[in-house]
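Right, one structure below, let's go through it.
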There are 2 protein chains.
Amino acid sequence: MAGDFRRAHRSAPAAEGKEKPEGGEASPDIGTRLRELRKMHGLSQRELAKRAGVTNGTISLIEQNRISPSIGSLKKVLDGFPMSIADFLTLDLKPRSRVFYEAKELREIAGGDVSFRLVGRDTRGRAIQMMHERYTPGADTGEEMLSHAGEECGIVISGVLELTVGGEVRRLVAGDAYYFDSRLPHRFRNPGTIDCVIVSACTPPSF
Amino acid sequence: MAGDFRRAHRSAPAAEGKEKPEGGEASPDIGTRLRELRKMHGLSQRELAKRAGVTNGTISLIEQNRISPSIGSLKKVLDGFPMSIADFLTLDLKPRSRVFYEAKELREIAGGDVSFRLVGRDTRGRAIQMMHERYTPGADTGEEMLSHAGEECGIVISGVLELTVGGEVRRLVAGDAYYFDSRLPHRFRNPGTIDCVIVSACTPPSF
DNA sequence: GCCATTCGTCTAGAATACTAAACGCCTTCA
DNA sequence: TGAAGGCGTTTAGTATTCTAGACGAATGGC
């Protein structure tokens with residue numbers, strides 16, 4: 001009955017080449033996940049076992065998918081990193097997209113008086129949209145207030161920013177910051193005589 | 001050794017009034033979570049057991065935290081809803097308000113060689129945590145790699161940043177940026193001779 | 001070469017999870 | 001009133017996980 005998840009293990013230890021529980025888990029199986037994560041942290045089975053308070057044999061068996069660990073023991077093992085079970089199961093090991101971006105690679109979205117340069121080429125599948133923004137003197141996102149789902153925040157790097165949020169207007173200078181619910185109508189304007197540069201982030205991505 | 005997580009169960013079934021494994025799990029324990037979720041779905045232990053392909057006794061024992069289910073059987077149980085283990089372990093919510101922050105209001109979190117200045121006083125209930133960070137020459141988040149839930153990104157404003165993510169090392173200069181899954185082990189270091197300033201954002205907040 | 005370490009794996013036996021089948025309590029219906 | 005069925009709980013026994021220790025292979029002195 002136990003069936004498809006567990007494997008016979010006191011007998012032939014993997015007759016055929018199969019490793020993964022067939023229909024089962026998400027992307028990589030538990031064992032492979034654990035092994036890769038452990039290696040990323042540069043730990044041996046024994047080191048991890050000591051931190052976690054289990055034996056190295058347990059780590060070995062889990063990594064080979066010879067056993068399906070209990071929640072309790074898996075938690076103990078992951079505490080050795082530390083990492084929660086939920087994170088462990090959702091961590092994306094493989095298609096480690098891109099991490100580093102040179103300044104010239106930031107994709108220009110707007111252009112003209114307002115420059116929005118996006119971190120990363122594509123926001124799909126991402127939780128944050130970060131941009132390097134530059135407003136020329138007088139530049140303005142428009143009288144028509146913006147509003148969309150999510151939350152956004154930013155820090156002024158240089159120049160002066162006039163920010164309107166939900167009817168409230170404020171002038172921010174270098175080092176000042178903001179954080180608001182994007183559903184509140186908002187507007188960005190550069191009332192100064194030099195460029196205004198800010199770094200902003202919003203979630204979820206709106207482009 | 002097995003120790004703190006499991007409870008004696010063939011004997012006195014909870015001498016004192018305690019229910020939760022003391023130091024252990026996150027918010028609600030596994031058993032309570034399962035029970036509440038099951039009731040939200042309007043299922044009896046037997047119904048869920050039948051859908052899941054386990055016995056009602058198993059559901060009962062899990063809900064009482066008398067056993068710590070194996071990953072395999074917990075998965076089978078949750079398939080009865082259906083719901084993933086990761087989702088199961090992460091259920092929750094909250095509120096908030098305040099928009100503008102002067103530079104001096106950004107709350108200093110670290111101090112010393114590394115300065116983290118947080119946008120907003122409190123990140124609870126927020127989706128993004130944005131910080132103005134400054135690393136003095138040689139400053140380092142440490143050999144022991146960081147790793148926590150979520151995604152993070154940033155842009156270098158000035159100076160040079162040496163960033164290590166999942167074993168890959170890279171030097172970033174003003175205008176360069178990064179974006180990665182925070183659960184990958186990572187490290188920030190200023191290898192230059194002047195302060196390195198960056199603006200970062202991560203979600204969800206980790207402080 | 002040889003010893004000392006460290007690595008991942010494997011095995012016997014102890015500890016734990018899980019099943020099948022009861023139990024007691026309750027409600028419903030005849 | 002009693003039979004029938006649903007509920008969550010408990011128990012005895014089986015299946016699985018987990019520990020302690022040993023194994024062979026690889027590595028680094030010396």
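Since this is a predicted model, take the numbers as computed values, not measurements. Reminder, nothing fancy here: chain letters follow the sequence lines and each chain counts from 1.
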**Request:** Figure out the CD1/P separation between Ile59(B) and dA20(C), and round it to whole Å.
**Result:** 13 Å
**Message:** Please determine whether a side-chain nitrogen or oxygen atom of Ser60(B) lies at a distance below 4.0 Å from atom OP1 or OP2 of dG8(D).
**Reply:** no
**Message:** From CG of Leu61(A) over to P of dT19(D), roughly how many Å is that when rounded to an integer?
**Reply:** 10 Å
**Request:** To the nearest Å, give me how far apart NZ (Lys75(B)) and P (dC18(C)) are.
**Result:** 15 Å
**side chain to side chain contact (heavy atoms under 4.5 Å, CB included) evaluation trace for Phe88(B) with Arg33(B)** = CA-CA 8 Å; Phe88(B) 173 72; Arg33(B) 285 184 106 82; 3.5 Å; yes
**Request:** To the nearest Å, give me how far apart CD1 (Ile62(B)) and P (dT10(D)) are.
**Result:** 15 Å
**Request:** Report yes or no: does Asn190(B) contribute a side-chain atom to a donor-acceptor pair with the main-chain N or O of Tyr135(B) at less than 3.5 Å?
**Result:** yes
**N or O in side chain of Thr58(A) less than 4.0 angstrom from dT19(D) OP1/OP2** = yes
**Message:** Just the rounded figure in Å: distance from C1' of dT16(C) to CD1 of Ile71(A).
**Reply:** 15 Å
**Item:** Value in whole Å for how far the C1' atom of dT9(C) lies from CG of Asn56(A)
**Value:** 9 Å
**Asked** Of the nucleotides dA17(C), dT9(C), dG8(D), which one has an atom closest to the side chain of Arg35(A)?
**Response** dT9(C)
**Prompt:** Rounded to whole angstrom units, what separation is found between the CD1 atom of Ile67(A) and the P atom of dT11(C)?
**Reply:** 15 Å
**Message:** Checking side-chain polar atoms at under 3.5 Å, does Ser60(B) have a donor or acceptor matched by the opposite partner on Gln64(B)?
**Reply:** yes
I'd like a table of atom pairs between the protein and nucleotides 5-7 of chain D - only N or O on both sides, under 3.5 Å - with the distance next to each one.
from	atom 1	to	atom 2	distance (Å)
dC7(D)	OP1	Ser44(B)	OG	3.0
dC7(D)	N4	Arg46(B)	NH2	3.4

**Request:** Report the C-alpha separation of Arg187(B) and Glu162(B) in whole Å, then their side-chain angles, then the decisive distance to 0.1 Å, and conclude whether the salt bridge (Lys or Arg N to Asp or Glu O under 4.0 Å) test is met.
**Result:** CA-CA 8 Å; Arg187(B) 174 185 187 180; Glu162(B) 180 193 270; 5.6 Å; no
**Prompt:** Do any side-chain nitrogens or oxygens of Thr55(A) fall under 4.0 Å of OP1 or OP2 in dT19(D)?
**Reply:** yes
**Prompt:** Which nucleotide sits closest to the side chain of Arg66(B): dT11(D), dC10(C), dA17(C)?
**Reply:** dT11(D)
**Prompt:** Is the shortest side-chain N/O distance from Ser68(A) to OP1 or OP2 of dT16(D) below 4.0 Å?
**Reply:** no
**Asked** Would you say the side chains of Gln129(A) and Glu152(A) form a donor-acceptor pair under 3.5 Å?
**Response** no
**Message:** Using every non-hydrogen atom in the two residues, find where Leu78(B) and Ser84(B) come nearest and quote the distance to one decimal.
**Reply:** CD1-O, 4.0 Å
**Message:** Run the side-chain contact (heavy atoms from CB on, under 4.5 Å) test against Thr55(B) and tell me which residues pass, sequence neighbours left out.
**Reply:** Thr58(B)
**Request:** Starting from P on dC18(D), measure out to NZ on Lys76(A) and report it in whole angstrom.
**Result:** 9 Å
